[in-house]
2 protein chains.
Amino acid sequence: MSLGNVEITGAFFKRYYDLVTSEMMPYQWAALNDEVPGAEKSHAIENIKIAAGVSAGEFYGRIFQDSDFAKWLEALGYCLQKGDLREFESKADEVIGYIEKAQQPDGYFNTYFQLTAPERKFTNLFEAHELYCAGHFIEAAVSYYEATGKTQALDIARRLADMIDRRFGAEDGKTRGYAGHQEIELALLKLYETTGEGRYLELARYFLDERGRQPHFFRLEWEKRNGYSEYSQRRQELPEDFTYNQAHKPVREQEGAVGHAVRAVYMYAAMAEAARLTGDDTLFEACERLFDNITQKQMYVTGSIGSTSNGEAFTFDYDLPEATNYSETCASIGLIFFAHNMLKSKKDSKYADAIELALYNTVLASIQADGKSYLYVNPMEALPEASAKNPDRAHVKTVRQPWYGCACCPPNIARLLSSLEKYVYSYEDGTLYVHQYIASRATFDMQQQATLDASSRATFDMQQQATLDASSRAKFDTQPQATLDASSRAKFDAQPQASLAIEMLCDMPGSADVNIKLLEGACEVVALRTPGWSAGATFTLNGAAITPEIIDGYAYIPTTGSGDVICASFSLTVDLIRANTAVRNASGKVALRRGPLVYCLEEEDNANNLHRLTIKKGGNIALQERSIAGIDFIGIEAEGAIESDSGSGLYTAAEKTVEPTGLSFIPYFLWGNRTPGEMICWIREAT
Amino acid sequence: MSLGNVEITGAFFKRYYDLVTSEMMPYQWAALNDEVPGAEKSHAIENIKIAAGVSAGEFYGRIFQDSDFAKWLEALGYCLQKGDLREFESKADEVIGYIEKAQQPDGYFNTYFQLTAPERKFTNLFEAHELYCAGHFIEAAVSYYEATGKTQALDIARRLADMIDRRFGAEDGKTRGYAGHQEIELALLKLYETTGEGRYLELARYFLDERGRQPHFFRLEWEKRNGYSEYSQRRQELPEDFTYNQAHKPVREQEGAVGHAVRAVYMYAAMAEAARLTGDDTLFEACERLFDNITQKQMYVTGSIGSTSNGEAFTFDYDLPEATNYSETCASIGLIFFAHNMLKSKKDSKYADAIELALYNTVLASIQADGKSYLYVNPMEALPEASAKNPDRAHVKTVRQPWYGCACCPPNIARLLSSLEKYVYSYEDGTLYVHQYIASRATFDMQQQATLDASSRATFDMQQQATLDASSRAKFDTQPQATLDASSRAKFDAQPQASLAIEMLCDMPGSADVNIKLLEGACEVVALRTPGWSAGATFTLNGAAITPEIIDGYAYIPTTGSGDVICASFSLTVDLIRANTAVRNASGKVALRRGPLVYCLEEEDNANNLHRLTIKKGGNIALQERSIAGIDFIGIEAEGAIESDSGSGLYTAAEKTVEPTGLSFIPYFLWGNRTPGEMICWIREAT
């Protein structure tokens with residue numbers, strides 16, 4: 001399978017990528033270096049320098065402070081791969097140098113523990129985020145290596161991974177532990193794919209399979225450290241079970257999504273990738289079950305997840321309160337990782353649909369139009385007074401916050417938007433899949449791909465593992481395996497040995513017409529995703545109407561050869577969406593959707609106390625070209641009604657006075673870009 | 001003003017009083033003595049014994065553990081006044097004896113501080129509940145003294161109050177402090193009324209007026225103790241302001257109800273009483289404003305208050321979420337105290353309406369039909385799965401809890417229900433007011449009352465105070481002022497020197513016909529409250545229709561003399577109640593009310609996923625005689641519809657399938673007395 005060498009050309013997402021390079025990455029670099037006046041102290045780079053012995057001082061920050069630089073470095077790698085932000089490469093190299101200095105001879109690297117509590121290293125995986133930080137550094141190192149070909153960061157990452165591999169596992173003499181916050185699993189799988197080192201795949205699989213085993217590791221290590229908590233710095237009881245960490249039972253037995261939403265989707269994403277890489281059907285079945293549970297029972301209409309701020313967590317099926325939802329940006333990003341990894345194994349449009357939904361309606365909604373502020377919580381309704389005065393809604397910000405307020409979501413947004421091209425296509429066995437309708441040019445090296453496919457689709461067995469182990473035990477030095485190096489360098493060659501070059505023209509979300517041209521070379525089949533929001537679709541091949549076979553939401557179109565032009569027109573109607581009857585909060589309400597975009601009502605276009613509004617059942621719908629903060633969009637005008645102010649009494653037997661009114665909807669992702677005020681997604685429907 | 005000597009005769013409330021004497025009081029006594037197998041440890045009596053030196057051991061319990069016995073003792077006093085529970089009098093005397101032994105020579109008594117931290121007494125009024133516990137003991141002592149005429153407890157209470165008076169005040173050498181949890185103010189006002197000691201009135205007024213002054217006392221004492229917190233036992237920051245404690249600004253400047261709801265209403269109740277006793281108009285105006293704010297902007301349709309569990313607090317106007325409301329039983333009891341004290345000064349039916357609403361629909365709802373379990377939080381909707389699985393709703397219990405789970409609300413229920421007769425009537429200046437339609441017999445000593453009225457209505461001035469002070473400085477010993485003793489003993493004389501004896505027959509809430517007979521003596525006017533829920537009313541005097549003047553919701557009926565029979569018929573229709581348009585959660589919904597009772601829907605009578613139901617606009621309504629757990633009531637049957645199960649998808653553009661269905665409502669106060677399940681109060685209205 002190849003994700004291709006893709007260049008996004010469409011203005012809509014290009015604009016967001018430009019925000020990454022022009023605003024987010026430079027700002028974050030300054031923030032990591034405590035060079036933003038008035039910003040919250042980061043100290044992330046300084047912690048590294050102190051650990052390296054090149055700076056004096058004390059550790060400052062959260063237990064996972066190291067991950068802030070790592071996520072930034074990962075995003076930098078994606079930008080460098082596209083030839084951008086080269087001015088940051090030497091700065092990154094400098095910090096990587098410090099990390100190399102700080103890394104212990106055994107491979108350990110974590111500034112929190114090295115500087116504040118070396119005696120407590122690996123005594124508290126439940127809380128302490130050491131494997132989480134290691135994971136983020138490994139992901140960064142892979143990205144940076146793939147961008148630059150430089151191995152310094154990858155060497156550090158490998159020594160880190162090797163140390164973890166020596167320390168954790170089911171074998172005698174190793175600790176049978178795993179991370180309280182999943183992330184190392186995804187990272188090890190990437191490290192395996194980049195290095196070919198089977199031990200990393202095996203370790204990732206161990207971490208997944210060990211999870212939730214009895215006697216419970218989190219309890220055993222808690223007893224061993226006499227209950228000492230790294231957060232409260234004193235003895236603290238454990239929770240009754242470990243659903244928060246998805247460690248309440250073995251991962252294959254987990255029926256529905258539970259606990260902290262980001263932890264959950266990071267783990268599911270790793271499970272999906274491990275299942276693919278090892279041909280593990282039962283693990284993949286668990287992933288399918290968990291994915292369906294999320295998207296069919298626990299996901300907001302905007303593709304966000306996490307129904308409570310309490311633990312930033314899933315609650316239970318169909319429990320989707322609007323006033324207090326958490327819907328963390330990072331969780332939707334994790335959901336995108338999960339869906340993407342599922343899609344690698346199974347071409348079902350529901351995975352690509354979830355990516356599209358979460359991308360347009362949560363990830364983009366989290367970003368102010370100018371790229372300078374962000375939301376961690378993406379509310380289903382905004383009521384500034386409630387956020388200010390009802391502590392149950394204190395987590396719901398009704399104005400986006402500057403990036404430095406917390407360092408978690410913004411770099412995650414940066415790493416997603418700077419690697420968005422990976423989500424557009426995949427090429428497998430002669431078929432070019434188009435998953436996302438993002439205008440772009442792409443090339444696919446089909447020959448190289450075939451080889452990689454063979455190895456990655458092979459069932460994972462111990463025999464094969466032994467071979468990989470042998471090769472990987474050879475010290476990974478500055479002269480890595482010639483083959484790997486050659487292939488990975490090839491990816492960044494300006495003229496790759498491409499067998500297929502294509503171009504996709506489209507103007508999503510403004511229109512739903514797609515035009516794909518095979519510029520050079522040819523594939524046997526082009527498979528186009530038919531989006532879940534499109535009631536029907538028409539296709540042409542070189543101008544002639546065709547009726548392709550549609551399997552699992554993909555239209556499979558056999559090609560005639562190079563130069564082929566395939567067009568698809570999807571149906572871009574305004575739909576009134578109803579939630580499943582079991583969803584309490586959406587009873588009697590509808591949400592508007594047009595194509596990939598969910599819409600909302602803002603106070604600025606309508607009225608205050610937006611809950612007074614109803615939309616007329618069967619009323620007229622009109623479209624209007626509009627613009628907010630320089631972003632053009634199609635607004636929706638609808639017929640509705642508004643309850644009049646009912647005076648000063650609180651309860652009355654009198655009926656309310658209702659008057660007709662026009663309703664004006666904007667895409668949800670653009671909410672909060674004008675005067676701060678109220679916003680709702682769901683509106684009551686009335687006759 | 002006299003509240004009369006009242007005997008409740010109607011079965012409805014008599015039944016609840018019998019639960020107090022048969023279930024609640026004996027159970028609580030056993031719980032306080034740790035004699036309930038399997039119950040949570042109380043240790044309240046044992047703490048007192050240890051402090052008295054008659055038992056060995058350590059303090060156990062919460063910082064306000066002393067108040068548990070005090071509230072029980074207060075309720076015992078009310079029962080003894082009616083000749084009930086005499087078997088507990090010697091037990092109470094024994095504990096009072098221990099308290100006398102434990103009390104310090106200076107009057108201080110608080111087992112938490114005496115046993116665990118004598119050096120920190122009165123260093124942390126913000127958190128430490130010393131004045132709160134003192135207040136509850138004083139209220140108990142007054143009740144016990146009025147019931148028994150014994151002065152031992154009252155002497156202790158007085159020494160406690162004198163110590164507090166010596167320590168706190170605006171005078172040089174005193175600490176300008178006040179309590180973090182209001183209660184002492186109400187207690188001192190009761191102590192003043194019982195002893196005639198003006199210093200107690202003055203001290204209560206000081207505590208109220210000092211509150212919220214700058215520089216802020218809570219900050220000054222916090223600085224003095226270096227931020228030490230009695231709860232966390234370490235340094236802790238103060239909140240940004242003190243709205244939680246209603247100490248954010250002077251009480252007269254407070255515009256709306258804020259903060260912890262119980263603290264708030266206890267304070268407002270004291271303000272109302274202090275305003276009456278001192279003729280303080282500006283204080284009374286603040287009370288009117290706060291009362292209107294609560295009842296017109298921050299009260300649930302069932303008369304409960306507290307929109308968030310976070311701080312058990314008010315949030316802001318019209319913010320009345322249904323899924324996460326707190327609605328603590330104690331807060332509604334405090335609201336009843338507040339309304340009752342307002343009514344003493346101003347005869348406006350809105351105060352009596354609030355008492356009735358909160359009494360029937362929150363206080364009674366908090367009690368299981370068998371009197372053996374209770375609710376602290378009175379939910380507007382019950383969804384067992386949500387309470388179990390969404391931590392935002394963990395405070396909402398969908399099954400009443402045994403009384404020993406927490407010792408706060410149940411004794412408060414006991415002291416209210418055992419003194420309910422105080423809320424029925426008042427007699428002033430020849431007018432007998434009927435505030436609550438509770439079948440009863442009553443006698444009023446009009447002569448005695450006139451004298452007390454004269455003194456209590458006098459404007460409070462320093463001159464008068466000086467006189468009172470002089471008299472009260474005489475040591476309050478075992479021979480209290482002859483006059484007071486004589487008058488208070490007279491109250492419990494089996495044959496008081498009554499000028500007026502009346503009987504009220506009525507069968508509320510089952511019917512709304514009221515029959516009042518002047519048995520002996522006569523008053524000039526009988527003023528009957530016309531309930532807010534009654535659209536109209538008809539009256540007869542000795543069989544002849546009359547049209548009395550109605551002022552502020554009271555129908556003033558001049559009498560002809562002894563033997564008069566006055567009848568009133570109120571309108572007992574089923575009303576579909578709508579909330580003010582500004583209430584978000586009730587948009588498009590109605591609640592059913594019939595007379596004083598608010599109704600609800602339970603899963604057992606209807607369906608699960610109750611939110612699927614709608615009530616038909618203008619549909620038929622029928623009444624049905626029913627019974628739950630031995631309590632007869634009128635059920636309401638209505639026409640409605642139910643959405644069919646919409647299958648497995650989460651979001652769809654398809655319309656929902658709706659089918660007609662019957663709806664079956666029961667009074668809210670009876671919810672949760674059958675199979676545990678769902679309950680809702682508000683239902684969507686549909687055409």
Side-chain angles (χ1 to χ4, degrees), chain A residues 295-299 301 307-311 313 315-316 318-321 323-324 381 383 385-386 388-392 394 533 535 573 575-585 587-588 591 593 609 611-612 614 617 643-656 684 686-687, chain B residues 295-299 301 307-311 313 315-319 321 323-324 381 383 385-386 388-392 394 533 535 573 575-585 587-588 591 593 609 611-612 614 617 643-656 684 686-687:
Chain A
T295 56
Q296 294 304 304
K297 293 183 179 168
Q298 299 204 71
M299 184 178 72
V301 71
S307 296
T308 176
S309 64
N310 208 316
T315 55
F316 63 100
Y318 303 116
D319 184 46
L320 295 161
T324 52
E381 63 174 45
L383 186 68
E385 189 173 19
K389 296 181 182 173
N390 184 335
D392 299 338
W533 46 259
T573 52
D575 290 320
L576 272 61
I577 301 299
R578 281 102 184 160
N580 188 296
T581 302
V583 178
R584 282 185 314 289
N585 295 276
S587 292
R593 184 188 66 195
N609 280 340
H611 61 273
R612 292 183 297 158
T614 53
K617 197 166 185 163
E643 289 169 359
S644 307
D645 191 329
S646 61
S648 63
L650 188 51
Y651 301 110
T652 168
E655 288 194 24
K656 289 182 180 172
R684 285 180 292 135
T687 45
Chain B
T295 55
Q296 294 304 304
K297 293 183 178 168
Q298 300 205 69
M299 184 178 72
V301 71
S307 296
T308 176
S309 63
N310 208 315
T315 56
F316 62 100
D317 292 352
Y318 303 115
D319 184 46
T324 53
E381 62 174 47
L383 187 68
E385 189 173 20
K389 296 181 180 172
N390 185 334
D392 298 338
W533 45 260
T573 52
D575 291 321
L576 272 61
I577 301 299
R578 282 102 184 160
N580 188 296
T581 302
V583 178
R584 283 185 313 289
N585 295 276
S587 292
R593 183 187 67 195
N609 280 339
H611 62 273
R612 291 184 296 158
T614 54
K617 197 166 188 162
E643 288 170 358
S644 306
D645 192 328
S646 61
S648 63
L650 189 51
Y651 300 110
T652 167
E655 287 192 27
K656 289 181 180 173
R684 286 180 291 135
T687 44

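Numbers restart at 1 for each chain; the letters A, B, ... are given by sequence-line order, proteins then strands. These numbers come from the heavy atoms of this one structure, side chains and all, not from hydrogens, waters or symmetry mates.
- Heavy-atom pairs under 4.5 Å with chain B peak, among A:T614, A:N609, A:V583, A:D392, at A:D392.
- With chain B as the partner, the residue from A:K656, A:E655, A:E643, A:H611 showing the most heavy-atom pairs under 4.5 Å is A:H611.
- Here A:A386 is the residue among A:A313, A:S307, A:A591, A:A386 with the most heavy-atom pairs under 4.5 Å with chain B.
- With a 4.5 Å cut-off on non-hydrogen atoms, B:A323 does not touch chain A at all.
- At a 4.5 Å heavy-atom cutoff, the contact between B:T295 and chain A is made by backbone atoms alone.
- With a threshold of 4.5 angstrom between heavy atoms, A:T687 approaches chain B through side-chain atoms but not through N, CA, C or O.
- Options B:Q296, B:R612, B:Q298 differ in how many heavy-atom pairs under 4.5 Å they form with chain A, and the most are formed by B:Q296.
- For the set B:N585, B:N310, B:L383, the count of heavy-atom pairs under 4.5 angstrom toward chain A peaks at B:N310.
- Residues B:P321 and A:T324 form no side-chain contact, since every pair of their non-hydrogen atoms from C-beta on lies 4.5 Å or further apart.
- For the set B:R593, B:K617, B:E385, the count of heavy-atom pairs under 4.5 angstrom toward chain A peaks at B:E385.
- Comparing A:D319, A:T581, A:V301 by how many heavy-atom pairs each has under 4.5 Å with chain B, the most go to A:T581.
- Using a 4.5 Å cut-off between heavy atoms, A:L576 contacts chain B through its backbone alone, with no side-chain atom that close.
- Proximity to chain B is limited to the side chain of A:R684, based on heavy atoms less than 4.5 angstrom apart.
- Side-chain atoms of B:D575 never come within 3.5 Å of backbone atoms of B:I577 as a donor-acceptor pair (strictly under, hydrogens ignored).
- The choice from A:S587, A:G588, A:G649 that makes the most heavy-atom pairs within less than 4.5 Å of chain B is A:S587.
- To the nearest 0.5 Å, the span separating CG on A:N580 from CG on B:D645 amounts to 6.5 Å.
- Side-chain contact between B:L650 and A:Y318 is present, with at least one heavy-atom pair separated by less than 4.5 Å.
- Heavy-atom distances place the backbone of A:K297, and not its side chain, under 4.5 Å from chain B.
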